[in-house]
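A quick note: this is a predicted structure, and the numbers were derived from the prediction, not measured.
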Amino acid sequence: MSSQMKDMRASMEEDEQLSVLMRGLRGQGMNEDDFAAADTQMRLLDFSSSAAVGDELPLAYDPELIDQYWSKRPGLVAQRALQLLGVSAGFIFNIVSDIVLKRTKEKEVERACEIREIVTSLGPAYIKLGQALAIRPDILSPAAMNELQKLCDKVPAFDNAVAMRTITEELGQSPHEIYDNLTPDPIAAASLGQVYRGTLRATGEDVAVKVQRPNVLETVTVDLYVLRRVGMALRDVPQINTDIVALLDEWAMRFFEELDYVHEGANATKFAKQMEKDLPQVVVPRTFPTYTSRRVLTSSWLDGEKLSQSTADDVGALVKLGVICYLKQLLDTGFFHADPHPGNLIRTPDGRLAILDFGLMTDVSDDIKFGMIEAIAHLIHRDYEAIVEDFVTLQFIPSGVDLKPILPVLARVFDQALDGGGAKNINFQELSADLAQITFDYPFRIPPYFALIIRAISVLEGIALVGDSDFALVDEAFPYLAKRLLTDDTPRLRAALKYMIYGKSESFDVDRMIDLLEALESFNKDSTSSQGDLASPSPALLPAPPSAASSASSTIVPLPNTPFNFLIPSFTPPQLFQPPQASVSLTSQSQSARDALTFILSPEGVLFRELLLEELVKGIDALSRDQVRALVVSLGLGDARVPVLLPGALRPLALAPHMTLEDQVIIANTNKLIKFLSGTTNTSQFTPESAQLLLSLSPFVPNVAQQILPEVASRLSGRVFARFIKEVFVDNGAINRRPLTMR
């Protein structure tokens, strides 16, 4: 699949429109400067008299309260409306001229540049709105998206005296009472605030101090007030089938959260806690709540370089880590970093991945998380009817829409992508036309959360492709998906795992299962890479050596390639459990395979064992009968039968068990799985590698045997007994005739 994805990416980049779209999504045209260009000017209002009426603006987004506030200030609203009209009048005239002269296509890039310049000049609300639209291919053309990607969020810094006064008002102390060595000028200035560097006097730690720009709330809300009025007027235009007001409200609600630095600090703390157990290599600046308020944020200072600009050898590993991190947010925690761009991904000096800026986060519901995993399973098995239903679950299509007309187009698109030849067989012009027709005929839309996902993953892919042109996102994403499927005990994911292995026909697919186990091994490797200083833990983090008393009763045995140490009772001779010396050399394949087997036998693999219990019973049954048959035939007793001295027995029992085609398939699957798990090509000989494999797994055996042997014995005996009854007591002729007598 990864080679098909690479082919598809190459073919897409040959299409000019799609190539522009992909560059935009990857953020490859993004402006990452720390300050605005020298000639940047913002057209803003003087709000010094806005509070004269006596009421206040809401701190949480409430369109009704905002309407009430600005309806009492018609002078300022009219002034802002004239400002907007003056800036955009020339652009509107050019658009109308292009339509009349039928030159919209040739002028598309030029008009997109004009949009970017206009948006930059109009201040924070429009800059943020433009950046949000820059990841919406369902709303803007690729050229417009690409230009809006270049939007610079950096604007001229505001007066330092105002910033220092804001710190005093918000924190109740002067800056010099809280910080030492505070930089006299900001080190970066953005549309919402600017950042200073200093040292926190209370702890001596280097910190970043972000101070919000004055009158941001007034600037943003007056623009929202005007834009909502325009959106309401456009509701009566039949050619516009998008609810602009609803989109604006959705964006504004999230934007208001970004204005609250207390909320941003809490987001960072929550995010860090969710990552610390599984991904301690991901670094998040620590928030200092005592020195944080709605308009001032104090957080730990992180040294490093932008991942997109780093030339370090470990960038590829950090990108893989970033993919795992974002997939964990998307498919596990459901708390998603909603402002993914290259400037927020940092490589620290010790080689770890730092993520910045938690003002915008989005919550992903369990229904969406599970729905995405189910959709991937359905795609792998080409179950297009289920995929169309997944589109409803994932909010691409509202419930209640007739999905039948969509199915043929969807099947054609995916069949072209998944068949031999991959993307080379895809006619992208025809595909674009099909998708455009679906969008026109049906209420098909890209959900806001999915636009953010596309952007996050595309940014990581764009960084990776700079150093590795063969990078395939599917190779990095599937391992995490496998980990979730193999270890999550929620009913929907257990059903998805079963579907992944058995498919719609409910036939066991050993190759699919091996793919999942190999992907899990890859995840274990990638998730422990790029550990920076974590790779050399301090003595305090290392296990203490056993005391004389404990060494007399137990031995600590490390398992190669696993993070576990196991305590072995002293009655086992310790020398039997020592790793073999240089005389035994394991291949990388067997070493990797043992990781999969370790997982299956470990406590973490209990769900997987339960799912495969029936296949285990079938395998034991088929293999044992095959061995018995081989032995009987070798003795020349292949046709021998044993009389059954029981009432009602219709025939003697064959000494050599009968092997069916199903048995042969089960044996082939079992042998293939044994070879994979043992890492050997010859399962009939006991080698030194086999001995080490068994010894290294011995700590798991007692518990696993206690859990599954009774159930295996029960099912196996039931299977043997049922076959005995059928072979000895059932009239096969009667069974064959039964359908005829029922006609």
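- Evaluation of the ring-ring contact (aromatic ring centres under 6.0 Å, His included) rule for Phe255 yields Trp251 as partners, not counting sequence neighbours.
- For the 3.5 Å distance criterion, the side chains of Glu169 and Thr166 fail to qualify, holding no donor opposite an acceptor.
- Evaluation of the ring-ring contact (aromatic ring centres under 6.0 Å, His included) rule for Phe288 yields no partner, not counting sequence neighbours.
- The shortest heavy-atom contact between Leu297 and Gly265 is CD1-CA, 4.2 Å.
- Without hydrogens or angle criteria, Arg213 side chain to Ala190 main chain gives a donor-acceptor distance under 3.5 Å.
- For Ser365 and Asp367, the side-chain atoms include no donor-acceptor pair closer than 3.5 Å.
- Salt bridge Asp314/Arg347: present, at least one basic N to carboxylate O contact under 4.0 Å.
- Ion pair Arg254/Glu257 not flagged as a salt bridge, since none of the NZ, NE, NH1 or NH2 atoms sits closer than 4.0 Å to an Asp/Glu carboxylate oxygen.
- Residues Ala163 and Gln194 come closest through the heavy atom pair CB-NE2, 4.2 Å.
- Checked against a 6.0 Å centroid threshold, the rings of Tyr69 and Tyr225 do not count as neighbours.
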Requested in this report: Given side-chain hydrogen bond (donor to acceptor under 3.5 Å, both in side chains), test Thr348 with Asp350 step by step and report yes or no.
Outcome: CA-CA 5 Å; Thr348 64; Asp350 67 344; 2.4 Å; yes
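- For Asn160, the side chain to side chain donor-acceptor pair (under 3.5 Å) partners are Asp185, Tyr196, not counting sequence neighbours.
- Between Arg228 and Asp249, at least one side-chain N (NZ, or NE/NH1/NH2) sits under 4.0 Å from a carboxylate O, which counts as a salt bridge.
- Separation of atoms CG (Asn181) and OG1 (Thr183) is listed at 10.0 Å; rounding is to 0.5 Å.
- Here the straight-line distance linking atom CZ of Arg80 with atom CG of Leu84 works out to 5.0 Å at 0.5 Å rounding.
- A donor and an acceptor atom, one from each side chain of Tyr179 and Thr298, are located under 3.5 Å apart.
- Between the side chain of Asp62 and the backbone N or O of Leu65 there is at least one donor-acceptor pair closer than 3.5 Å.
- Below 30°, between 30° and 60°, or above 60°: for His337 and Phe358 the angle between ring planes is above 60°, a perpendicular geometry.
- Taking the side chain as every heavy atom from C-beta outward, Ser300 and Asp206 never approach each other to under 4.5 Å.
- Between Pro124 and Ser191, the shortest heavy-atom contact is CG-O, 3.4 Å.
- Under the 4.5 Å side-chain criterion, counting only non-hydrogen atoms from C-beta, Leu307 is in contact with Leu318.
- At a threshold of 4.5 Å between non-hydrogen side-chain atoms, the residues Arg286 and Val207 do not count as touching.
- Leu59 is listed as a side-chain neighbour of Leu217, based on a closest heavy-atom distance under 4.5 Å.
- Note that CG of Leu356 and OG of Ser299 are 8.5 Å apart. Values are rounded to the nearest 0.5 Å.
- Side-chain contact between Glu170 and Val211 is absent, with no heavy-atom pair separated by less than 4.5 Å.
- Here Leu327 contributes atom CG and Leu481 contributes atom CG; the two are 8.5 Å apart, rounded to the nearest 0.5 Å.
- By the 4.5 Å heavy-atom criterion applied to side chains, Leu182 and Val209 are counted as neighbours.
- Residues Leu224 and Tyr61 are in side-chain contact: their nearest non-hydrogen atoms beyond the backbone lie under 4.5 Å apart.
- Summarising the local packing, CG of Asp303 is surrounded by more than 12 heavy atoms from other residues, nucleotides or ligands at distances under 6.0 Å.
- In this structure the side chain of Ile355 never reaches within 4.5 angstrom of the side chain of Val283, judged on heavy atoms.
- To the nearest 0.5 angstrom, Asp363 atom CG is 12.0 Å from Phe336 atom CZ.
- Side-chain atoms of Thr287 never come within 3.5 Å of backbone atoms of Pro289 as a donor-acceptor pair (strictly under, hydrogens ignored).
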Query raised in the report: Given Lys306 and Ile346, is the side chain to side chain contact (heavy atoms under 4.5 Å, CB included) satisfied, shown in steps?
Result: CA-CA 4 Å; Lys306 293 175 182 176; Ile346 304 296; 4.1 Å; yes
Query raised in the report: side chain to side chain contact (heavy atoms under 4.5 Å, CB included) between Leu330 and Lys369: does it pass, once the steps are laid out?
Result: CA-CA 7 Å; Leu330 174 62; Lys369 289 188 292 185; 5.8 Å; no
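- In terms of heavy atoms, Thr393 sits closest to Gly371 at CG2-CA, 4.2 Å.
- Using a cut-off of 4.0 Å between Lys/Arg side-chain N and Asp/Glu carboxylate O, Arg165 and Asp159 are scored as not salt-bridged.
- Residue Leu192 holds its CG atom at 6.0 Å from OH of Tyr261, rounded to the nearest 0.5 Å.
- Closest heavy-atom contact between Met361 and Phe271: CE-CD1, 3.9 Å.
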Requested in this report: For side chain to side chain contact (heavy atoms under 4.5 Å, CB included), just list the numbers for Gln274 and Thr333, CA-CA rounded to whole Å, side-chain angles, deciding distance to a tenth of an Å, and then say yes or no.
Outcome: CA-CA 7 Å; Gln274 291 174 341; Thr333 67; 3.6 Å; yes
Report task. Please test Asp357 against Glu264 for side chain to side chain contact (heavy atoms under 4.5 Å, CB included), starting from the C-alpha separation and ending with a verdict. Result -> CA-CA 8 Å; Asp357 196 353; Glu264 179 177 344; 3.7 Å; yes
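- Residues Leu302 and Ala354 share a closest heavy-atom pair of CD1-CB, 3.8 Å.
- Cation-pi check for Lys270 over Phe335 is met; the charged atom lies under 6.0 angstrom from the ring centroid and within 45 degrees of its normal.
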